[in-house]
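See structure below.
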Number of protein chains: 2
Amino acid sequence: MIEYTDLSQPIYKRLKEMIRNGELKQGEKIIQEKIAEELGVSRTPLMKALLALENEYLVESIPRRGMYLRVLDYKEIIDIYVCREALEGMAARLLANRKDASSIKQLKACFTPFLNKERIDMNAYAEADEKFHSLLIKLTGNAPLDNIYFFSNIHDKVVGHGLVRTPDETLQEHFKIIDAIEGGNPDKAEKLVREHINKSKELLINQYKNQKSE
Amino acid sequence: MIEYTDLSQPIYKRLKEMIRNGELKQGEKIIQEKIAEELGVSRTPLMKALLALENEYLVESIPRRGMYLRVLDYKEIIDIYVCREALEGMAARLLANRKDASSIKQLKACFTPFLNKERIDMNAYAEADEKFHSLLIKLTGNAPLDNIYFFSNIHDKVVGHGLVRTPDETLQEHFKIIDAIEGGNPDKAEKLVREHINKSKELLINQYKNQKSE
DNA sequence: ATATTGTATTTTGTATACAAAATACAATAT
DNA sequence: ATATTGTATTTTGTATACAAAATACAATAT
């Protein structure tokens with residue numbers, strides 16, 4: 001069995017899993033004693049894990065009242081897309097300035113399996129999509145940027161492991177982004193990433209409006 | 001005396017103060033028991049405060065070894081400017097789209113005291129500068145954006161309460177940014193903010209290069 | 001003199017005890 | 001029937017005890 005030097009880390013991962021697969025529901029209060037017992041740990045390392053999740057916007061703490069799973073309303077989901085637009089746009093710019101061959105290879109590798117396929121496995125594509133967007137950030141080597149980019153967690157929570165738009169739209173977009181990076185065109189790379197994220201955002205906004213008027 | 005529902009909050013503030021005024025030095029190990037005793041609290045709420053600081057990039061935790069005050073090298077400082085460029089640029093864009101009168105008033109209020117002055121109080125100006133940049137973020141009303149924007153802390157730690165560039169350069173730039181927001185020109189507002197931050201970044205890069213070659 | 005080993009001390013990580021606050025809910029008044 | 005009060009229970013926040021790991025440092029070997 002693997003031993004940990006810091007129990008809060010596996011607890012943190014377990015909690016994220018519980019959030020993703022619905023063992024913990026939106027808005028639910030986290031009764032520390034209960035969860036701690038479930039996981040077979042004490043409240044001390046659990047609290048550490050919860051504080052980490054709080055800083056990733058997944059958990060909200062109300063002093064003396066408890067820790068709650070965040071309920072993300074549409075405004076906040078849209079706000080998160082705005083943040084992603086800024087950060088991933090900048091990331092693409094940085095990568096285009098560098099034109100690092102290994103980076104470009106890794107980005108391409110995400111989507112080459114889906115080229116010229118008549119049928120695309122949606123789960124696999126969703127995973128590739130997530131991988132691509134997080135790679136965009138990681139490959140910059142900008143540690144603070146990576147540090148503030150926790151949105152994949154939230155994306156997972158909000159949209160499940162589904163997609164906002166379908167591959168027939170986005171697959172081409174992804175390759176155009178990579179081309180701009182490979183071509184060393186930072187302005188274009190940033191612009192394309194922004195448009196890419198913005199389109200999904202607009203779609204979500206429209207879905208919201210329709211929901212409201214129904 | 002004010003009572004708190006959560007002791008970790010005043011501890012958190014005190015620690016930030018200690019970092020700013022040098023009571024705690026770069027790279028120093030935080031001996032929990034010692035600091036806890038100094039502050040007259042136990043390690044439990046101190047740990048909560050330290051974890052919050054860790055998430056703001058001010059403290060680094062090495063499991064089983066302890067919590068250390070982060071040493072920011074030049075690369076990281078530059079990386080932080082890159083993040084600021086992306087986030088504040090987006091913030092200016094959002095504000096320009098909204099053209100909210102009260103927001104514009106607040107932004108102007110930061111710098112009007114310095115207009116047509118023959119002598120500028122540098123401390124006051126540095127404070128106004130900090131206020132302006134944090135307002136830019138706050139006024140968007142984008143909670144996740146605000147959540148990830150912790151760079152003012154770091155700025156304070158790194159550059160002290162000094163300035164990278166002098167008011168004779170930046171005062172005009174600030175007003176041009178506000179003009180673009182007021183004029184409802186999101187592209188221009190974003191571009192100006194980016195250039196504004198970028199200029200400081202380039203200056204820091206040059207300082208670094210010179211330091212190295214000496 | 002320097003490197004290595006072993007022991008004592010310090011410090012962290014976790015569990016737990018306890019007080020104070022929050023909550024649930026029954027008893028009473030309106 | 002609904003609102004209000006008071007009490008019991010639950011839950012949080014903090015302090016603290018203890019084990020395990022890390023560190024400091026003296027004793028010994030080379």
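Quick caveat: nothing in here was measured; it's all calculated off a predicted structure. Reminder, nothing fancy here: chain letters follow the sequence lines and each chain counts from 1.
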Using whole Å, report how far CE of A:Met67 lies from C1' of C:dA22. 17 Å
Let's see if you get this right: which residues in residues 35-42 of chain A place a heavy atom under 4.0 Å from DNA chain C? A:Val41, A:Ser42
For A:Leu46 and D:dT12, what is the distance between atoms CG and C1' respectively, to the nearest whole Å? 12 Å
Counterpart residues, side chain to side chain donor-acceptor pair (under 3.5 Å), relative to B:Thr166 (two or more places apart): B:Asp168
If you count the non-hydrogen atoms of other residues, nucleotides and ligands that lie under 6.0 Å from CD in B:Glu38, is the total more than 12? yes
Taking salt bridge (charged side-chain N to carboxylate O under 4.0 Å, His left out) as the definition, give me every residue that meets it alongside B:Glu130, ordered by chain and number, with sequence neighbours left out. none
Quick test of your reading: applying side chain to side chain donor-acceptor pair (under 3.5 Å), list the pairs with at least one residue in residues 97-114 of chain A, sequence neighbours left out, ordered by first then second residue. A:Asp100-A:Ser103, A:Ser102-A:Gln106, A:Lys108-A:Glu182
Can you sort out which residues in residues 48-58 of chain B have a heavy atom within less than 4.0 Å of DNA chain D? Ascending by number, please. none
Just the dot-bracket of DNA chain D, please: which string comes out with Watson-Crick or G-U pairs under 3.5 Å, [ ] for crossing, | for another strand? ||||||||||||||||||||||||||||||
Taking 4.0 Å as the cut-off, does a side-chain nitrogen or oxygen of B:Arg65 come that near to OP1 or OP2 on D:dT23? yes
More than 12 heavy atoms from other groups under 6.0 Å of NZ on A:Lys75: yes
Length of the CZ-C1' vector between B:Arg64 and C:dG13, whole Å: 5 Å
Run the salt-bridge test on A:Glu173 and A:Lys199 with the 4.0 Å N-O cut-off and return the result as yes or no. yes
Surrounding CD of A:Glu202 (heavy atoms of other residues, nucleotides or ligands, distance under 6.0 Å), is the total greater than 12? yes
With the threshold set at under 4.0 Å for non-hydrogen atoms, list the residues of residues 23-33 of chain B touching DNA chain C in residue-number order. B:Lys29, B:Ile30, B:Ile31, B:Gln32, B:Glu33
Identify whether the distance between the nearest side-chain nitrogen and carboxylate oxygen of B:Glu17 and B:Arg14 falls below 4.0 Å. yes
Taken in chain and number order and not counting sequence neighbours, the residues that satisfy salt bridge (charged side-chain N to carboxylate O under 4.0 Å, His left out) with A:Lys29 are none
Can you measure A:Lys34 atom NZ to D:dT12 atom C1' for me and round it to whole angstrom units? 16 Å
In whole angstrom, give the distance that lies between atom CD1 of B:Ile62 and atom P of C:dT11. 16 Å
Want to settle it: does B:Arg43 or A:Gly66 sit nearer the 5' end of DNA chain D, counting the closest nucleotide to each? A:Gly66
Which pairs count as ring-ring contact (aromatic ring centres under 6.0 Å, His included) when at least one residue sits in residues 64-112 of chain B, sequence neighbours excluded? B:Tyr74-B:Tyr208, B:Phe111-B:Tyr125, B:Phe111-B:Phe132, B:Phe111-B:His174
Could you list the residues that satisfy side chain to side chain donor-acceptor pair (under 3.5 Å) with B:Arg43, not counting sequence neighbours? none
Considering only distance and modelled atom types, tabulate donor-acceptor pairs under 3.5 Å from the side chains of residues 54-67 of chain B, sequence neighbours left out.
{"unit_1": "B:Asn55", "atom_1": "ND2", "unit_2": "B:Leu51", "atom_2": "O", "d": "3.0"}
{"unit_1": "B:Glu56", "atom_1": "OE1", "unit_2": "B:Tyr12", "atom_2": "OH", "d": "3.0"}
{"unit_1": "B:Glu56", "atom_1": "OE1", "unit_2": "B:Asn153", "atom_2": "ND2", "d": "2.6"}
{"unit_1": "B:Glu56", "atom_1": "OE2", "unit_2": "B:Tyr12", "atom_2": "OH", "d": "2.5"}
{"unit_1": "B:Tyr57", "atom_1": "OH", "unit_2": "B:Glu76", "atom_2": "OE2", "d": "2.9"}

Output a table of donor-acceptor pairs, distance under 3.5 Å, between side-chain atoms of residues 140-148 of chain B and any protein atom two or more places apart or on a different chain; print 'none' if there are none.
{"unit_1": "B:Thr140", "atom_1": "OG1", "unit_2": "B:Ile137", "atom_2": "O", "d": "2.6"}
{"unit_1": "B:Thr140", "atom_1": "OG1", "unit_2": "B:Asn142", "atom_2": "N", "d": "3.1"}
{"unit_1": "B:Asn142", "atom_1": "OD1", "unit_2": "B:Leu145", "atom_2": "N", "d": "3.0"}
{"unit_1": "B:Asn142", "atom_1": "ND2", "unit_2": "A:Asp79", "atom_2": "O", "d": "3.2"}
{"unit_1": "B:Asp146", "atom_1": "OD1", "unit_2": "B:Lys138", "atom_2": "NZ", "d": "3.2"}
{"unit_1": "B:Asp146", "atom_1": "OD2", "unit_2": "B:Lys138", "atom_2": "NZ", "d": "2.9"}

